[in-house]
Peer 1: 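Below are the structure tokens for one structure; questions will follow.
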Amino acid sequence: MQPWGAALALLLAALALLGLLAPSLRRLGRRAVGARTLLGAGGPDDDEEVDSGGPADQFSNEREPLPGGCRLICKPSALAQCLLRALRRSAALEPGPRSWLSGPHLQTLCHFVLPVGPGPELAREYLQLPDDGLVALDWVVGPCARGRRVTNAGSLPAVLLVIPNAWGRLTRNVLGLCLLALERGYYPVIFHRRGHHGCPLVSPRLQPFGDPSDLKEAVTYIRFRHPAAPLFAVSEGSGSGLLLSYLGECGSSSYVTGAACISPVLRCREWFEAGLPWPYERGFLLHQKIALSRYATALEDTVDIRKLFRSCSLREFEETLFCHTKNFPISWDTYWDHNDPLRDVDEAAVPVLCICSTDDPVCGPPDLFLPTELFHNNPYFFLLLSRYGGHCGFLRHEPLPAWSHEVILEYFRALTDFFRTEERLKGLSRHRASLLGGRRRWGTLQKREVSPSANLEEIFSWKRSYTR
């Protein structure tokens, strides 16, 4: 568990700010990346801006509408049609009665601030890295429900790798996702970076924002422990940068079958440079300072600790921690050349579902924080855009879990069924070809020579046909 001091400080700050700034929070929630304000923000019609299009105008006429006012934005493909059918049948997207939790700030603050409560039973493992650093893997081992379902009939349970946000806070929604996944027959495991969530910092090095080297070691170890089980991955908020960096660097060599990102920060450099609405900026910054205060002595030889803890913004904190080091200082531009999550996105060969909302107060309006060309041109990326949900919220009436959790698990099930169907069709095609070849062997010499390009599909058999 994170120190209660951090949760208490964030709770008190949030309650105070909600009381003092309630009239202006709606305008702050529409603050755009690049500090640009949308036309009409702050006017009397703010409440209807999302319903009538507002920040999602450019998405209003695109792709397929879904229940609950959601939209699926993607490049047309066989996999997209399969996912669309699954989402149309999803009960999680059905609109329910509006409640006091519908506001984006309440959705976000309930997610980040409220205590996690009774969580799952965890079994921790520490993985030693090549530079003697440590990362932690928390395997969710209970409680096991009686009516537990099986994700893959006749096979081993799928492993679900969960990556929390970049600040290292284990939120109630992450634990709720793990409990729901365990009930549905998955084997969840939570990845913790160096120095996060009680993982000791044994070397004076923290993990940069988009450096997937530690995650690669963890995935390799998980694959070693469960070589025959499918591996799915889910990331939350700013933690999506790490998952996308891993998928881009590994490409088709990734062990992951499918991935999902909840409220991902996709334009990360612009996000740091523009800054967040100041209640969120101060809250996230305070949490990081409290978390790193225990390692101040260990880091003082590599980082200017005094300047670090006097940082007034997330950008200044990130720049001091990873750029202005005493041993190997680098520029801000160089840092993002190596840590931008989308630097190798064209190499990703794994389906990725991004769940976002148009009222996200942390990321900003979708027409500015979402790179639409990524979803229009890349057949592996799918955007499920909702009108409500805040940042990593997507809450429903208790005791129902967040609807984003239900959708993600249904998405993974649709992927599993799609791949199983694809493999069955390929097997039937090969079997039919072998039978025809045996019957008509006498006529093969009379046929014209086949073009070499016809064998490319067999040569690159590792590439799954998502786009047929």
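Note that this is a predicted model, so its numbers are computed, not measured.
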Peer 1: State, without any angle test, whether D359 and S357 hold a side-chain donor-acceptor pair at a distance under 3.5 Å.
Peer 2: yes

Peer 1: Determine the sole option in F317, F322, F272 for which the ring-ring contact (aromatic ring centres under 6.0 Å, His included) test with F209 is passed.
Peer 2: F272

Peer 1: When you compare the side chains of H192 and D138, does any donor N or O come within less than 3.5 Å of an acceptor on the partner?
Peer 2: yes

Peer 1: Salt-bridged, E406 to R184, with N to O below 4.0 Å?
Peer 2: yes

Peer 1: I'd like to know if R269 and D337 make a salt bridge, using a cut-off of under 4.0 Å between side-chain N and carboxylate O.
Peer 2: no

Peer 1: Does the pair D131/R194 count as a salt bridge with the N-to-O cut at 4.0 Å?
Peer 2: yes

Peer 1: With F412, which of D417, V234, V407, T257 fulfils side-chain contact (heavy atoms from CB on, under 4.5 Å)?
Peer 2: V234

Peer 1: Can a side-chain donor-acceptor contact be found between Y280 and H105 if the only test is distance below 3.5 angstrom?
Peer 2: yes

Peer 1: Do the ring centers of H226 and W139 come within less than 6.0 Å of each other?
Peer 2: yes

Peer 1: Ring centres under 6.0 Å, that's the criterion: do F382 and Y411 meet it?
Peer 2: no

Peer 1: Can you see whether N327 engages T325 through a side-chain donor-acceptor pair at a distance of less than 3.5 angstrom?
Peer 2: no

Peer 1: Determine the interplanar angle of the F394 and W403 rings, folded into 0 to 90°, and report it as parallel if under 30°, tilted if 30 to 60°, perpendicular if over 60°.
Peer 2: perpendicular

Peer 1: Pair L242, S235 - check side-chain contact (heavy atoms from CB on, under 4.5 Å), show working.
Peer 2: CA-CA 8 Å; L242 183 59; S235 59; over 6 Å; no

Peer 1: So that I can tick it off, tell me whether R310 and E316 are bridged by a salt bridge, with the cut-off set at under 4.0 angstrom between side-chain N and carboxylate O.
Peer 2: no

